Amino acid sequence: METDRRTVCVTVGTLPLRPLASAEDAAHIAAINEAEPDFVWVGLGLPRQEKWMAEHLPKIKAAALIGVGVDFHAGMKPHAPIWMQRGGLEWLFRLLTEPRRFAHRYLFDNTLFLGHLLLQVTRLRKYSREV
């Protein structure tokens with residue numbers, strides 16, 4: 001069976017920093033759905049893109065919504081040196097180059113996550129599956 005393989009990139013638009021009116025939001029959703037994408041790449045920055053994807057997942061007809069770091073792909077932020085990338089230390093490079101932005105995430109949030117993971121693995125705490 002032969003399938004039609006094609007790569008198409010459609011840019012629907014950008015979102016303002018303010019909350020969207022319901023009519024604006026509906027127009028964006030309609031434009032995305034009209035393009036019939038397999039994947040929707042969302043680059044709004046953390047945590048905004050995750051919140052947007054969680055809110056719009058039921059409304060968008062695509063196989064997946066994927067949050068991306070647009071700054072890297074656009075060349076606006078430097079990548080870590082190759083030796084740091086290969087050593088799994090790109091997070092450290094980002095922390096050192098943008099401490100205000102990443103200190104809380106990498107030092108506090110990740111430590112908190114690892115603490116909860118340790119509690120769950122050692123069965124000292126059980127977490128509910130309900131969200």
Side-chain angles (χ1 to χ4, degrees):
M1 175 185 216
E2 191 173 318
T3 59
D4 179 22
R5 293 277 197 182
R6 59 188 168 159
T7 302
V8 178
C9 180
V10 178
T11 303
V12 171
T14 59
L15 300 177
L17 293 176
R18 62 172 171 73
L20 293 176
S22 59
E24 291 175 304
D25 192 49
H28 278 283
I29 293 167
I32 292 168
N33 288 336
E34 186 177 306
E36 298 179 348
D38 293 317
F39 303 100
V40 176
W41 300 88
V42 181
L44 299 173
L46 292 170
R48 190 169 176 228
Q49 67 194 26
E50 280 68 26
K51 291 177 181 177
W52 189 91
M53 289 186 296
E55 181 183 331
H56 291 82
L57 183 61
K59 303 171 189 174
I60 294 180
K61 298 172 185 165
L65 302 179
I66 303 167
V68 296
V70 175
D71 290 345
F72 285 112
H73 300 296
M76 297 169 64
K77 300 283 182 186
H79 283 280
I82 296 297
W83 67 268
M84 289 185 94
Q85 292 178 26
R86 289 186 180 147
L89 296 173
E90 188 145 7
W91 67 270
L92 180 60
F93 177 81
R94 295 183 75 193
L95 175 61
L96 294 173
T97 56
E98 297 183 75
R100 275 183 203 244
R101 184 171 171 206
F102 293 110
H104 190 272
R105 181 187 313 170
Y106 291 150
L107 301 177
F108 179 77
D109 293 341
N110 290 358
T111 304
L112 186 62
F113 169 77
L114 291 173
H116 284 284
L117 179 65
L118 183 62
L119 289 173
Q120 185 170 350
V121 168
T122 59
R123 297 179 188 237
L124 293 174
R125 180 152 183 204
K126 186 175 181 179
Y127 293 90
S128 171
R129 290 182 182 222
E130 294 179 15
V131 177

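Nothing here was measured: the structure is a model prediction, and the numbers come from that model.
Here the straight-line distance linking atom CZ of R105 with atom CD of E98 works out to 9.5 Å at 0.5 Å rounding. Distance check: L44 CG to E50 CD gives 9.0 Å after rounding to the nearest 0.5 Å. How far CG of L114 is from CG of L118: 8.5 Å, rounded to the nearest 0.5 Å.
Contact of the M84 side chain with the E90 side chain is not registered, since no non-hydrogen atoms from C-beta on lie closer than 4.5 Å. The closest side-chain heavy-atom distance from N33 to I60 is below 4.5 Å.
Heavy-atom contacts from other residues, nucleotides or ligands closer than 6.0 Å to CH2 of W52 number more than 12. The number of heavy-atom neighbours closer than 6.0 Å to NZ of K51, taken from other residues, nucleotides and ligands shown, is 12 or below.
In this structure, L65 and H56 approach most closely via the heavy-atom pair CD1-C, 4.4 Å. Looking at every heavy atom in both residues, E24 comes nearest to A21 through OE1-N, 2.9 Å.
Side chain of D25 to main chain of P19: no donor-acceptor pair is present (N/O by atom type, distance under 3.5 Å, no hydrogens or angles).
Classification of the H104-F108 ring pair by plane angle, with boundaries at 30° and 60°, yields tilted. Using the six-membered ring where Trp is involved, F102 and Y106 have ring planes that are parallel, under 30° apart on the 30 and 60° scheme.
L119 and L112 fall into different hydrophobic clusters, defined by Ile, Leu, Val, Met, Phe, Trp and Tyr side-chain heavy atoms under 4.5 Å apart, directly or through other members. Linking Ile, Leu, Val, Met, Phe, Trp and Tyr residues whenever their side-chain heavy atoms come within less than 4.5 Å leaves I82 and F93 in two separate clusters.
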Legend entry - Test log, rule side-chain contact (heavy atoms from CB on, under 4.5 Å), inputs K77 and R94: CA-CA 9 Å; K77 300 283 182 186; R94 295 183 75 193; over 6 Å; no
